[in-house]
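Naming convention: chains lettered A, B, ... in sequence-line order (proteins, then strands); numbering from 1 in each chain.
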Amino acid sequence: MEQNYTLAIDTIWVLLGTALVFFMQAGFAMVETGFTRAKNAGNIIMKNLMDFVVGSLIFYILGFSLMFGDSIGGFIGLPALLSQGEFSALKEWMALDLNTFIIWQTVFCATAATIVSGAMAERTKFSAYLVYSFCISAVIYPVVGHWIWGGGWLAGLGFHDFAGSTVVHSVGGWSALIGAMILGPRIGKYSKSGKVNAIPGHSLTLGALGVFILWLGWFGFNPGSSLSGMNTGTNSLIFMTTNLAAAAATLTTMIITWVRYKKPDVSMTLNGSLAGLVAITAGCDAVSIEGALIIGIIAGFAVTFGIEFVDKKLKIDDPVGAIGVHGICGSLGTILVGLFAVDGGLFYGGGFKYLGVQILGVAAVAVWTMITISIVFFVIKKTIGLRVSAEEEVDGLDLHEHGLSSSYADFEVKSHLKDVI
Amino acid sequence: MEQNYTLAIDTIWVLLGTALVFFMQAGFAMVETGFTRAKNAGNIIMKNLMDFVVGSLIFYILGFSLMFGDSIGGFIGLPALLSQGEFSALKEWMALDLNTFIIWQTVFCATAATIVSGAMAERTKFSAYLVYSFCISAVIYPVVGHWIWGGGWLAGLGFHDFAGSTVVHSVGGWSALIGAMILGPRIGKYSKSGKVNAIPGHSLTLGALGVFILWLGWFGFNPGSSLSGMNTGTNSLIFMTTNLAAAAATLTTMIITWVRYKKPDVSMTLNGSLAGLVAITAGCDAVSIEGALIIGIIAGFAVTFGIEFVDKKLKIDDPVGAIGVHGICGSLGTILVGLFAVDGGLFYGGGFKYLGVQILGVAAVAVWTMITISIVFFVIKKTIGLRVSAEEEVDGLDLHEHGLSSSYADFEVKSHLKDVI
Amino acid sequence: MEQNYTLAIDTIWVLLGTALVFFMQAGFAMVETGFTRAKNAGNIIMKNLMDFVVGSLIFYILGFSLMFGDSIGGFIGLPALLSQGEFSALKEWMALDLNTFIIWQTVFCATAATIVSGAMAERTKFSAYLVYSFCISAVIYPVVGHWIWGGGWLAGLGFHDFAGSTVVHSVGGWSALIGAMILGPRIGKYSKSGKVNAIPGHSLTLGALGVFILWLGWFGFNPGSSLSGMNTGTNSLIFMTTNLAAAAATLTTMIITWVRYKKPDVSMTLNGSLAGLVAITAGCDAVSIEGALIIGIIAGFAVTFGIEFVDKKLKIDDPVGAIGVHGICGSLGTILVGLFAVDGGLFYGGGFKYLGVQILGVAAVAVWTMITISIVFFVIKKTIGLRVSAEEEVDGLDLHEHGLSSSYADFEVKSHLKDVI
Amino acid sequence: MDRITKIDIITRQSKFDDLKDALNEIGITGMTVYQVLGCGNQKGKTEVYRGNELTMDLLPKVKLEICVCEVPVQLVVDTAIKVLRTGKIGDGKIFIYPVEDVIKVRTGEQGVKAL
Amino acid sequence: MDRITKIDIITRQSKFDDLKDALNEIGITGMTVYQVLGCGNQKGKTEVYRGNELTMDLLPKVKLEICVCEVPVQLVVDTAIKVLRTGKIGDGKIFIYPVEDVIKVRTGEQGVKAL
Amino acid sequence: MDRITKIDIITRQSKFDDLKDALNEIGITGMTVYQVLGCGNQKGKTEVYRGNELTMDLLPKVKLEICVCEVPVQLVVDTAIKVLRTGKIGDGKIFIYPVEDVIKVRTGEQGVKAL
Ligand SMILES: Nc1ncnc2c1ncn2[C@@H]1O[C@H](COP(=O)(O)OP(=O)(O)O)[C@@H](O)[C@H]1O
Ligand SMILES: Nc1ncnc2c1ncn2[C@@H]1O[C@H](COP(=O)(O)OP(=O)(O)O)[C@@H](O)[C@H]1O
Ligand SMILES: Nc1ncnc2c1ncn2[C@@H]1O[C@H](COP(=O)(O)OP(=O)(O)O)[C@@H](O)[C@H]1O
């Protein structure tokens, strides 16, 4: 009977964590819609809904087995339709009911997919979105997951990514980078004269609500990744490191914007919170609380300068800052584990090997993601097309993609006035 | 001491489930307000708040005992004011503290009541709303609950409604049907020429947030209905079936609207998610994952054509689609258990008896609900009145029912321009 | 191993409670922004975000040790930077991992701090806000916490404040009172002729969402304060008392406004819910369900007349009603424990001593809070300044404090039209 | 060239659809619509918000701007009065202004032809 | 029949209440109010949003449209100037237009009587 | 004193920025901008919402109001036509009105000087 309690306690932990991570979909939806224009609000929420839907289905049908099926050369799991495989390797270390584990992994997969929509917002065809979102959940993400969590080659090397700074966030972030690059900027974002224009979001209030929801969700995302409610020491440490890294990153970002832009910038500070959460995700179980604070501070710098770099130097138009938050901070946070891990990190006398493995893993995931997603986008571009027409973009995707005159039918929406054709 | 752990684990499960189900009130509030006009926003949130408040109070004072008191002929529980009864029959199978069980049942009861407000939105008198909401929570719902969950006659026949497709959702849905029918359509909904007009909601973003919140709440609603955190196999299966049925229904609805209306319809797709969730609720523990997928697909069809049928053929004006989502999909989902239940369903070789009982139960609940609620509405109509005046409706309920010039005081609201007197 | 399960169950309870209480930050943000004007929306959410951030950091760095460090004369805990102390007194009765307890206390501390922002909304300098919010979390709140929960002098006297009506809410409420008084009213709130003007909020929908989120959060706040998932009897009782007190207060408030203002007032009724929740917090474990209902009813009266008194008689401008909800109902709820506590309350034959201690504690906390926060505000006023200029206030804090032309860039915001200079 | 006249009709929002239909029937298809706030004989409303009186001096109104050549001015006015008059305060007002010229951007046509 | 004149006053939103009160005092009760965006001598503001400059060329203004019969035009103008002038850019402009006719829908009265 | 003229340009919202820039180039800096709804030759759109047709008769348009002294009226019209003409329905219309007077609140200047 003892086993029984452990299983029940662990299952409760993971299932309630699942619910919290699921709720992050609402958080992403609110952030992405709040940070973009009212004329695309219906389209964004539809994308956020559908990537979860498509991801849930295809991950169950195929992705889960590619991620956790018995390893084929450390690269990919043995495919098994409808998750009907043996999963013997998995069952060696994973004591939960298989369904508990599948649903937990499903909500993680959907998180990776949903990140992309923000960076490609306001100009991507809805049908194209469905296709690449499908590809991420079906193959791109599961393969990375297999390498790191499914017993693949990176796991073998000792790569540490506790809750997915690299597996989830960097996959989303790098896909977002390539997507936003291939798509090109929104009309009006960069003037012919080279000026970088701001395109303010239509509801910072909803954006902030989204950030609060995401922060809440992270209390499922990170501690839930222990897969065990019995593990009280780790779980409570993770609550502390997660919360304080996010706090430190938020404060840092606010101060940086205050210094650089003369006033504390609301939307960038909100990005700062997410940056801290993303950065601590990889090492939330492995660093000390002080380490978490420092990682948070670094993330605050990385996200502010990272977003500016993408925006002003690379001239890649990422409406919500997804590349900076998830790509840059996800990768950086993973690498920092090699420095700050109490057990084996460079700053704790652990030598360069750990750090090297972290860097290798981050790089490998970046390369894999960028190459595969480039192929996906290329094929989409040549077939159904990736971007809406200029007229559709100016009028808003709600109107042309969904036949919706406005998501806010009772309000006068004036977004057009700021567009330049 | 062993007993102790089981009780604690089960209690945690049910109480946290209670919190999630409570939060569905926020989901309903957001869906209902988002799908209707800005001039009635304050009224709708007030209704959603007050039905929970009134329901909580009267269910504790009376309803709970009617539902779980020792059975009087299988029809109704022994009344006991302030839930102070013996509940000896209940205590035979229910090992939780009574308070745990009462609060869990309270949030379920409030869900049934809150469904109605959406269908009757934008034209019902606030005082009338309070009265019928009271009646549902005090008597109509508890009696159905007694039949099915309280040891009543349907329970005796083996009727299976695990988490309330029929008990909760169909009671709400059928009440909504009768209510919307008796009330008549909103001004401007049907032109004299017979044309059916669309009356778009004032914030699809909030509507979508509401759907995400409801989906989250369902992870309390369905798995919590096992009343046991020890039951890891069932709970994790329920997470899977719930999530995948919702996903399948959403995708199905989106495709149907894409085919029929040429473009994927945002608000109908959101209804699709709810349809899947409602439909799987009855059999979430009893069907296989594949069964859940099929139930979801069926729900997607049922909700789209159901809503159109109500709207265009019956000419009953249901602003948020509550009849289609809760009435139709709740009943259908319950019946489908008779086909898809792994243990005893027709498709698994179980014969027609199970299916028959399911159909009988669904029909009995529909008849009971429609008759009793008709009486309630009839009495209200003849006494305090059910519907506001045309002028009040055109100006908005916020103004006349609550003295609120607008729930969005800083914004120009233009809803009047679309009205026809 | 037995110990193990208990620890795991208790930890799950407290950590998930932590997540729920954290989410109350989102609730406060939505209530405060919804009840105020659109031109300050970005500023309000920024304040709500930053007080949590600053509070999390400083409470870990200093506040926690002042609250739970070994007592120095019953007045304050032994300071220990970065919560690195021995906490030997604490560990005598607290069996959770220290991190579990710290994170739980952190989210409580942040709640006290966040209450103030609503009362001082729409005219306080952002930098001043950061400073006083810092002081509350660093010293003012921890000292009160020490007296009551950290083994200080009030704890010694048997003062009962289970989940913080006094510790958390009254500290926030009294700080809000002093702050709003020193700041003075918003421009346009009181006419020269003495007329009290209404300044409607910009989104009652978001305000209502906030109330639902807070209500949800309270299901972590109150039952989580048992610090034990094993304690099923207490936890389930608390769910009941919390929910029914809130329901009773909401209904009472609605009826009062209906009688007094002729129509049921939406925003005041929403305050009513919060009033009930605040009032029951102190005694949620100690009163009967019927006691909770009566406390809720009393809270409904207290909040309505209290807010009116503050607004019309004291002429203190509190945009969201924080003083009435948290200060008045927090204190009153604590005192009522002395009457309604089943074990020792006056109405249960317990004599006047209990009541006396409750009154003493409430008064002591009020005096301490008001004096210390007055000093803080005085110093701020003389140095960086507490209030923005009239021009900044009229244009909105978003513009001047954050360089944000509007948090709703796509909508026409008309809030200026109602201002009087 | 016929004279061109601008007719501004300010009235209740709830009458807008009826008015537009009536105008369509007499052949008026072009118009520009404004949401405005107005006060006149009709006084604003006083409501109670959180226990305080809230006076709305200005009421939301809709304004239609219609440019026509001289002849049907009276027809427009009569039609509007027929649809809008309830006899209650707030029925609205009609203002008539001279127009010097009109140009249709798409074709460059000028004057009455542009209408 | 007296001539009727339309006076458009475009000014800062924050001055609106004062202006309305001052106009009420000189007996003007009817007016129509627009929320507009304006640019003139007053240049827009430049703010920084997420590190990028955001120039708002157009500033929110309020426009009052007041139809009066000829006599008090100067009084209205003087009153407006008294209330609105701060000497800072952005004080606003007043435009005066001829009106051909006014009709009161409720009564059918025409011309000055309709006002 | 030169005559003052008011030019109203009603056109697609998406053309607004271009038009403003073009007007700036010919020296027009003052203008007042309205968001309006319009119908004319251009018919509204019909969309499907939850399976029901939703006809939007009125399309969102932007209106620029520019007061100039007589000379550059033609220049403004020509510039507007150059920028706005696509040849497709919905290009918009230009209305020209007489102005009696203009007053600059800040300085009290009147007439052409006030512009
Ligand atoms: N002198 C005026 N100048 C400009 N607009 C006016 C004037 N008088 C009335 N209006 C406009 O006409 C609307 C209707 O006028 P009102 O006097 O309320 O109606 P009624 O004439 O039916 O009593 C007002 O809300 C206002 O917008
Ligand atoms: N030539 C013009 N045509 C139309 N509207 C104008 C014109 N010049 C100014 N305005 C309107 O008047 C407002 C105030 O003018 P502005 O030049 O900024 O103020 P000031 O004259 O005090 O410097 C502008 O915002 C604009 O709406
Ligand atoms: N007779 C009219 N009176 C007032 N406004 C008009 C009139 N005709 C057109 N308009 C305005 O001009 C806009 C453009 O007119 P429209 O006829 O659609 O364009 P086009 O002339 O290019 O076909 C309309 O949306 C409406 O706002």
Side-chain angles (χ1 to χ4, degrees), chain A residues 2 5-6 9 12-13 16 20 37-39 199-209 211-213 215-216 219-220 223 228-233 235-240 243-244 246-248 250-251 254 261-267 269-270 273 289-290 293 408 411-415 418, chain C residues 1 4-5 7-12 14-16 18-20 22-23 25-26 29-30 33-34 38 41-46 48-50 52-57 60 82-83 96-103 106-107 126 203 206 209 398 400-412:
Chain A
E2 211 166 272
Y5 292 130
T6 301
I9 288 170
I12 287 181
W13 189 246
L16 292 175
L20 287 174
R37 284 167 292 183
K39 64 182 178 182
I199 302 181
H202 85 279
S203 177
L204 286 193
T205 323
L206 289 183
L209 176 62
V211 169
F212 280 116
I213 292 176
W215 196 318
L216 170 70
F219 289 137
S228 167
M230 295 299 295
N231 212 337
T232 60
N235 293 343
S236 59
L237 173 69
I238 293 175
F239 260 79
M240 286 296 285
N243 193 55
L244 286 175
T250 311
L251 186 62
M254 187 198 75
Y261 315 152
K262 305 287 174 297
K263 287 170 183 171
D265 189 282
V266 180
S267 81
T269 305
L270 292 168
S273 306
I289 293 176
E290 286 66 38
L293 287 168
Y408 301 96
F411 298 96
E412 195 77 66
V413 172
K414 62 172 185 192
S415 53
K418 285 168 316 201
Chain C
M1 278 307 278
N4 212 342
Y5 291 129
L7 178 64
I9 288 169
D10 291 351
T11 302
I12 287 181
V14 174
L15 289 181
L16 291 175
T18 299
L20 287 175
F22 164 78
F23 198 41
Q25 294 289 327
M30 292 301 108
T33 196
N43 178 258
I44 298 240
I45 55 176
M46 195 75 171
N48 277 278
L49 181 69
M50 292 314 301
F52 181 76
V53 160
V54 169
S56 288
L57 292 169
Y60 171 67
L82 298 173
S83 303
L96 297 165
D97 294 287
L98 192 61
N99 279 331
T100 306
F101 192 65
I102 297 178
I103 193 77
T106 301
V107 291
F126 184 63
S203 177
L206 289 183
L209 176 63
D398 281 10
H400 289 276
E401 292 281 79
H402 305 288
L404 199 61
S405 60
S406 168
S407 297
Y408 301 96
D410 291 352
F411 298 95
E412 195 77 64

**Report entry** Derivation of the side-chain contact (heavy atoms from CB on, under 4.5 Å) call for A:T269 and C:M50
**Finding:** CA-CA 9 Å; A:T269 305; C:M50 292 314 301; 4.1 Å; yes
Query - Main-chain N/O of A:D265 paired to C:H402 side chain as donor or acceptor, under 3.5 Å - result: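 Flag not set: sc C:H402 to bb A:D265 has no pair under 3.5 Å.
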Query raised in the report: So, does C:D410 use its side chain to make a donor-acceptor pair with the main chain of A:R37 at under 3.5 Å?
Result: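 Not a single qualifying donor-acceptor pair exists.
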Which region of [X], side chain (C-beta onward) or backbone (N, CA, C, O), has a non-hydrogen atom less than 4.5 Å from a non-hydrogen atom of chain A, or is it both or neither?
{"X": "C:I103", "value": "both"}
{"X": "C:A19", "value": "both"}
{"X": "C:L98", "value": "neither"}
{"X": "C:S56", "value": "both"}
{"X": "C:T106", "value": "side chain"}
{"X": "C:I44", "value": "neither"}
{"X": "C:Q25", "value": "both"}

Check: [Y] and [X] side chains under 4.5 Å, non-hydrogen atoms:
{"X": "A:K263", "Y": "C:F126", "result": "no"}
{"X": "A:T6", "Y": "C:Y5", "result": "yes"}
{"X": "A:L209", "Y": "C:L209", "result": "yes"}
{"X": "C:Y408", "Y": "A:T205", "result": "yes"}
{"X": "A:M254", "Y": "C:V53", "result": "no"}
{"X": "A:V266", "Y": "C:I45", "result": "yes"}

Query - Step-by-step side-chain contact (heavy atoms from CB on, under 4.5 Å) determination, A:N235 to C:I12 - result: CA-CA 9 Å; A:N235 293 343; C:I12 287 181; over 6 Å; no
Query raised in the report: Which pair of non-hydrogen atoms, one from A:P264 and one from C:E401, has the smallest distance, and what is that distance?
Result: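 Looking at all heavy atoms of both residues, the shortest contact is CD-O, 3.4 Å.
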Please look at [X] and chain C and tell me whether the side chain, the backbone, both or neither of the residue comes under 4.5 angstrom of a heavy atom of that chain.
{"X": "A:S273", "answer": "side chain"}
{"X": "A:L16", "answer": "side chain"}
{"X": "A:L206", "answer": "side chain"}
{"X": "A:N231", "answer": "neither"}

Atom [atom1] in [X], atom [atom2] in [Y]: separation rounded to 0.5 Å?
{"X": "A:L204", "Y": "C:S406", "atom1": "CG", "atom2": "OG", "result": "8.0 Å"}
{"X": "C:F101", "Y": "A:S236", "atom1": "CZ", "atom2": "OG", "result": "13.0 Å"}
{"X": "A:N243", "Y": "C:N99", "atom1": "CG", "atom2": "CG", "result": "11.5 Å"}

Requested in this report: Please say which of C:V14, C:T11, C:L15 ends up in a side-chain contact (heavy atoms from CB on, under 4.5 Å) with A:F239.
Outcome: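 The single option meeting the side-chain contact (heavy atoms from CB on, under 4.5 Å) with A:F239 is C:L15.
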Query raised in the report: A:W215 vs C:F52 aromatic rings, parallel, tilted or perpendicular, using cut-offs 30° and 60°?
Result: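 Correct class here is perpendicular.
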Report task. Evaluate the ring planes of A:F212 and C:F22, with Trp represented by its six-membered ring, and classify them as parallel (under 30°), tilted (30 to 60°) or perpendicular (over 60°). Result ->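 Answer is tilted, since the angle falls between 30° and 60°.
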Requested in this report: Run through C:D97, C:N4, C:T100 and flag the one making a side chain to side chain donor-acceptor pair (under 3.5 Å) with A:T232.
Outcome: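 When side chain to side chain donor-acceptor pair (under 3.5 Å) is applied between A:T232 and each of C:D97, C:N4, C:T100, only C:D97 qualifies.
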Query raised in the report: Among C:A26, C:A41, C:G42, which residue forms the greatest number of heavy-atom pairs with chain A at distances under 4.5 Å?
Result: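 Answer, by heavy-atom pair count under 4.5 Å with chain A: C:A26.
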